[in-house]
J.: 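One structure is given below, represented as structure tokens, and several questions about it will come after.
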2 protein chains.
Amino acid sequence: MTKLQSQGREPFEAVDRAPEAQAEGFATVRQAHESEMAEDYVELIAELIELRGEARPVEIAERLGVKSPTVTKNISRLKAAGLVRREPYRAIFLTDAGRELAEACRRRHRIVVAFLLSLGIDEETAERDAEGIEHHVSTTTLEAFKHALQKFQSGK
Amino acid sequence: MTKLQSQGREPFEAVDRAPEAQAEGFATVRQAHESEMAEDYVELIAELIELRGEARPVEIAERLGVKSPTVTKNISRLKAAGLVRREPYRAIFLTDAGRELAEACRRRHRIVVAFLLSLGIDEETAERDAEGIEHHVSTTTLEAFKHALQKFQSGK
DNA sequence: TAGATAAGTTAGCCATGGCTAACTTTTAAA
DNA sequence: TTTAAAAGTTAGCCATGGCTAACTTATCTA
């Protein structure tokens, strides 16, 4: 039986993976959740700095769909993590580390979105799903997305 | 400029999506996070019931990579949510609703894994990434995965 | 330039989902 | 059948990331 046929299993046949491997997978997901906040913020801050020259908490709150105290709290966490530079009541800027992270996230985001679009998914859905998916895409999988995308683009 | 070329943007060019659409996307991700626990548990419980005839907290804890009090707490939440049936110190079983959710999750899981494998990703990575990705795949995207998979399987 | 409005912060609340320590119940073995 | 080990629960802790209410600071405008 080849790998690919795994999708053809009967609905009730259990897949018995090694417990430790499974546990490691779940641990990876939990770790990804811990970096999601930081990634979402720096990515958005980078976008806003490009568009406006600075990132303001109001706009961050609006675009993330959260209230401003939440932004204040999370920005102070990012500052503690050395990703962000800022003085109270002033706009927010990225440190070198923050800029680096933001760029990596944005590259990844674009690849995921472009990949989903190449499957024929509409733009709204691609953007929305990418927002959740991107945090769980390993470098291996990202490379595979890139590769498939290139193949699609040349073959079309 | 076509959709697909979006990946070819310069690293510093901002993509200005509508703020409300962006906010909605993040809200969707936050909602997905809220159902993740339930989905992971019922999926695993269904697997264990198949393999062993019942699901025991020890094994759930082992496979999720968490400690047993965490399992106890979460199982009681699932019970309150009507997904699980169980008496203290006894094995755990699924209600009809739980079984239904579990099957949907497992179907989705298998499609995501098979799809990643079809891109040439190794099995360990596919399983690990799928664990995180699956919770953020809309029905639209899942259909696109299925479609791409069929195309791949027939064309190979 | 004074005062109103908008923006940002602080304090304190809540649920989630981890954890350890200590206890109870069940199971298995001597 | 008694007792030791394994399994499960309870209580209470922690960090995360939401929220509202109340306050402070900055900005804009009359």
Side-chain angles (χ1 to χ4, degrees), chain A residues 19 22-45 48 52-81 83-93 131-132 135, chain B residues 19 22-45 48 52-81 83-93 131-132 135:
Chain A
Q22 208 171 355
E24 203 198 306
F26 286 112
T28 304
V29 175
R30 287 192 296 270
Q31 279 169 18
H33 284 160
E34 284 176 22
S35 23
E36 272 194 44
M37 186 276 286
E39 292 179 359
D40 287 340
Y41 274 74
V42 297
E43 199 175 334
L44 181 52
I45 290 166
L48 292 174
R52 317 242 180 277
E54 57 175 31
R56 280 282 172 188
V58 236
E59 207 166 356
I60 294 174
E62 187 194 4
R63 291 186 178 242
L64 289 177
V66 299
K67 300 295 180 183
S68 70
T70 300
V71 173
T72 300
K73 190 188 285 190
N74 286 330
I75 291 297
S76 80
R77 284 171 182 160
L78 296 183
K79 193 181 173 181
L83 295 169
V84 133
R85 188 162 45 78
R86 104 106 139 198
E87 287 135 76
Y89 298 99
R90 291 276 123 87
I92 298 148
F93 300 95
E131 204 64 72
H135 301 288
Chain B
Q22 208 170 353
E24 203 197 307
F26 286 112
T28 302
V29 176
R30 285 192 296 269
Q31 279 169 18
H33 284 162
E34 284 176 23
S35 24
E36 273 193 43
M37 187 275 286
E39 293 180 357
D40 287 340
Y41 274 73
V42 296
E43 199 175 334
L44 181 52
I45 290 166
L48 292 174
R52 316 243 181 278
E54 57 175 32
R56 282 281 172 187
V58 234
E59 206 166 356
I60 294 173
E62 187 194 5
R63 292 188 179 239
L64 289 177
V66 300
K67 301 296 180 183
S68 69
T70 301
V71 172
T72 300
K73 190 187 286 189
N74 287 330
I75 292 297
S76 79
R77 283 171 183 161
L78 296 184
K79 193 182 172 181
L83 295 169
V84 133
R85 189 162 47 78
R86 103 106 139 197
E87 288 134 76
Y89 297 98
R90 290 277 125 85
I92 298 148
F93 299 95
E131 204 63 71
H135 301 288

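First the proteins, then the strands, lettered A, B, ... as listed; each starts at 1.
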J.: Looking at B:Thr70 and B:Tyr41, what are the two nearest heavy atoms and their distance?
T.: O-OH, 4.0 Å
J.: Let me know the distance between CG of B:Asp40 and C1' of C:dT16, rounded to the nearest Å.
T.: 14 Å
J.: Could you work out, with side-chain hydrogen bond (donor to acceptor under 3.5 Å, both in side chains) as the rule, every residue matching A:Arg30, not counting sequence neighbours?
T.: none
J.: Can you tell which of A:Leu83, A:Ile75, A:Asp40 makes a side chain to side chain contact (heavy atoms under 4.5 Å, CB included) with A:Ile45?
T.: A:Ile75
J.: May I have the distance from A:Ile75 (atom CD1) to C:dA7 (atom P), rounded to whole angstrom?
T.: 16 Å
J.: Would you list the protein and nucleotides 19-23 of chain C atom pairs, both N or O, that sit under 3.5 Å from each other?
T.:
unit_1, atom_1, unit_2, atom_2, d
C:dC19, OP2, B:Lys67, N, 2.9
C:dC19, OP2, B:Thr70, OG1, 2.9

J.: B:Leu78 versus B:Met37: any side-chain heavy-atom pair under 4.5 Å?
T.: yes
J.: Which listed nucleotide (D:dG17, D:dT10, C:dT10) is nearest to the side chain of A:Arg77?
T.: D:dG17
J.: Side chains of B:Val29 and A:His135: closer than 4.5 Å at any heavy-atom pair?
T.: no
J.: From CE of A:Met37 over to P of D:dA15, roughly how many Å is that when rounded to an integer?
T.: 14 Å
J.: A:Tyr41 OH to D:dT16 C1': how many Å, rounded?
T.: 12 Å
J.: Which residues, if any, of residues 84-93 of chain B bring a heavy atom under 4.0 Å of DNA chain D?
T.: B:Arg86, B:Pro88, B:Tyr89
J.: Going by the rule side-chain contact (heavy atoms from CB on, under 4.5 Å), which residues pair with A:Glu24 if we only count those two or more places apart in sequence or in a different chain?
T.: B:Arg128
J.: Show your reasoning for whether side-chain contact (heavy atoms from CB on, under 4.5 Å) applies to B:His33 and A:Glu36.
T.: CA-CA 11 Å; B:His33 284 162; A:Glu36 272 194 44; 3.0 Å; yes
J.: Under a 4.0 Å heavy-atom cut-off, which of residues 54-62 of chain B touch DNA chain C?
T.: none
J.: Given the rule in the side-chain contact (heavy atoms from CB on, under 4.5 Å) test, do B:Arg52 and B:Glu59 qualify, once you have shown the distances and angles that lead to the verdict?
T.: CA-CA 11 Å; B:Arg52 316 243 181 278; B:Glu59 206 166 356; 2.8 Å; yes
J.: Could you state the atom-to-atom distance from CD of B:Glu39 to P of C:dT16 in whole Å?
T.: 16 Å
J.: So, taking the atom named CZ in B:Arg63 and the one named CG in B:Leu44, what distance separates them when rounded to the nearest 0.5 Å?
T.: 6.5 Å
J.: Going by heavy atoms in the side chains, are B:Ile60 and B:Ile92 under 4.5 Å from each other?
T.: yes
J.: Enumerate the salt bridge (Lys or Arg N to Asp or Glu O under 4.0 Å) contacts for residues 84-93 of chain A, please, sequence neighbours excluded, ordered by first and then second residue.
T.: none
J.: Could you check how far CD of A:Gln31 sits from P of D:dA15, rounded to whole Å?
T.: 18 Å
J.: Expressed in angstrom and rounded to an integer, what is the separation of A:Glu34 atom CD from D:dC14 atom C1'?
T.: 12 Å
J.: Distance check needed: D:dT10 C1' versus B:Asn74 CG, whole Å only.
T.: 15 Å
